[in-house]
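To start, the structure under review is shown below, and the notes come after it.
Bear in mind that the values here come from a model prediction, so they are computed numbers and not experimental data. The chains referred to below are lettered A, B, ... by the order of the sequence lines, with proteins before strands, and numbering in each begins at 1.
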Number of protein chains: 2
Amino acid sequence: MKQLNPTNAMLNTRDYIIRVGTDLICSRGFNAFSFKDISREVGIANASIHYYFATKTDLGLAVVQAHIKELEKLKENNSERDPWTKLNAFFNIYCNAQADKRVCIAGTLLTDLPSIDTPIRDELNKLVTAIFAWLISILEEGRRKKVFYFSSAPRTKALMIITNLMAGLQISRISGVQDFELIKNTIIKELKG
Amino acid sequence: MKQLNPTNAMLNTRDYIIRVGTDLICSRGFNAFSFKDISREVGIANASIHYYFATKTDLGLAVVQAHIKELEKLKENNSERDPWTKLNAFFNIYCNAQADKRVCIAGTLLTDLPSIDTPIRDELNKLVTAIFAWLISILEEGRRKKVFYFSSAPRTKALMIITNLMAGLQISRISGVQDFELIKNTIIKELKG
DNA sequence: GTCTATAGGGGGATAGAC
DNA sequence: GTCTATCCCCCTATAGAC
């Protein structure tokens, strides 16, 4: 818990910048945040950020890479659990974003994709692939163990669920939290068959 | 057809700017396009855009309002059709965006929401409400006429479908067109019961 | 590692001629 | 309506002191 959610004081400057960068990207979008926003929040000079990240693209890259690492850690920490617990851990990625009124990194970068530098795009590709791989494996295990019921191919079901969650975060920003909860509960209900 | 998809030469300058603005917002995002991009495409000076739209927010507002009007027109043009034809017309909004590698205006504005001025947000709220209202009415009619089958409340089903389509446009930007088609076909298959 | 200062460029927006 | 010229601000990024 402490490792997954360290307080800001526990972080070194580099990780603190990544955290604040993540928050800004996932709330306003990559093109709507500046180094000034980060320097204000972290409490260091604008120029000092460049000591850690030479360019804004480098920072964006680090933010996406941090997401990949967190996902791998989460996957590993839950590897011995049952499918429903794994699914719950997967959902929590989105629930945590929702609690902070953020959207997911994939959604916000994808909507601006042509304006995003290719190094970030390539890393985003890896992240999306990893997200799919994990959910597909959870769905396959759940079906095999007869605790999930769905008729389509696992990858198709994963595609439907991920799009529900991704856009659920976006829509609920104006329609309200209850819509995100409704989506989550509907997915669960349908999997129960 | 000509009214819905006029060529650029058929448009007055104001509508031409709105069309180019729409393309830019839906491909790069509101914060990644400039008046210079529009002036280059439309072929008028940067300053001339301000004759039609005093501020960038005014232009964004007009873009969202244009979407609302198009939606109303589409709804009206299909009011006498059967539920499946109506649903197809609804899907086509997203299919047309996908064909141009764009995402939907709601998704791209929602991911950047805190950076968007309130007049645009208010208009976006109206657009999202209108989108929901139309799909809900289509779903209700289809269920009543026994051509659609779904177990949840119409609004819940609409929420699931809209999030599938919205994020489907986003995800398919990296995973490929076939994923958007897969989502569309899965929604149809499920409605057939 | 962090700072101040500043370069260099692009952004939205305005003034005023035609 | 459209233009040129320009203002002013903010942005990313760099230079160089401490």
*asked:* Output the rounded distance in Å from CG (Asp58(B)) to C1' (dA13(C)).
replied: 12 Å
*Partners of Thr57(A) by side-chain hydrogen bond (donor to acceptor under 3.5 Å, both in side chains), sequence neighbours excluded?*
Asp117(A)
*Would you tell me whether Thr85(B) and Asn88(B) have side-chain atoms, one donor and one acceptor, within less than 3.5 Å of each other?*
no
*Between atom CZ in Arg14(B) and atom C1' in dG1(D), what is the gap in whole Å?*
14 Å
_Whether Thr13(B) contacts dT2(D) is assessed here as follows: a side-chain N or O lying under 4.0 Å from the phosphate OP1 or OP2. Is that the case?_
yes
*Could you tell me the separation between the CD1 atom of Ile49(B) and the C1' atom of dG11(C), rounded to a whole number of Å?*
12 Å
*By side-chain hydrogen bond (donor to acceptor under 3.5 Å, both in side chains), which residues pair with Asp179(A), not counting sequence neighbours?*
Ser175(A), Arg155(B)
*Is it true that Glu123(B) and Lys126(B) make a salt bridge, defined as a side-chain N closer than 4.0 Å to a carboxylate O?*
yes
*What residues form a side-chain contact (heavy atoms from CB on, under 4.5 Å) with Ala99(B), not counting sequence neighbours?*
none
*Quick one: Tyr51(B) OH to dA15(C) C1', roughly how many Å, whole number?*
16 Å
*Rounding to a whole Å, what distance do you find between Phe30(A):CZ and dC11(D):C1'?*
13 Å
*Under the salt bridge (charged side-chain N to carboxylate O under 4.0 Å, His left out) rule, what pairs show up with a residue in residues 76-98 of chain B, not counting sequence neighbours?*
Lys86(B)-Glu141(B)
*In whole Å, what is the span from the NZ atom of Lys36(A) to the C1' atom of dT4(C)?*
15 Å
Please tabulate, one pair per line, all N/O donor-acceptor pairs under 3.5 Å involving side-chain atoms of residues 182-193 of chain A, not counting sequence neighbours.
| unit_1 | atom_1 | unit_2 | atom_2 | d |
| --- | --- | --- | --- | --- |
| Asn185(A) | ND2 | Glu181(A) | O | 3.2 |
| Thr186(A) | OG1 | Leu182(A) | O | 2.7 |

*How many Å lie between OH on Tyr16(A) and P on dT2(C), as a whole number?*
13 Å
*asked:* Using whole Å, what does the distance between atom P of nucleotide dT12(D) and atom CG of Asn31(B) come to?
replied: 12 Å
*With respect to the phosphate group of dC10(D), does any side-chain polar atom (N or O) of Ser34(A) fall under 4.0 Å of OP1 or OP2?*
no
_For Gln98(B), give me all partners under side-chain hydrogen bond (donor to acceptor under 3.5 Å, both in side chains), at least two apart in sequence or on another chain._
Ser172(B)
Dump every N/O contact between nucleotides 14-18 of chain D and the protein below 3.5 Å, one line per pair.
none

*asked:* If you only use heavy atoms from C-beta on, which nucleotide in dC3(C), dG1(C), dG1(D) is closest to the side chain of Tyr52(A)?
replied: dG1(C)
*Can you find a side chain N or O atom of Ser48(A) that sits less than 4.0 Å from OP1 or OP2 on dG1(C)?*
no
*Among residues 108-118 of chain B, which contact DNA chain C at a heavy-atom distance under 4.0 Å?*
none
*salt bridge (charged side-chain N to carboxylate O under 4.0 Å, His left out) contacts touching residues 88-104 of chain A (sequence neighbours left out)*: Asp23(A)-Arg102(A), Asp100(A)-Arg102(A)
_Sugar-phosphate only, base, or nothing, as touched by Phe33(A) at under 4.0 Å among non-hydrogen atoms_ = sugar-phosphate
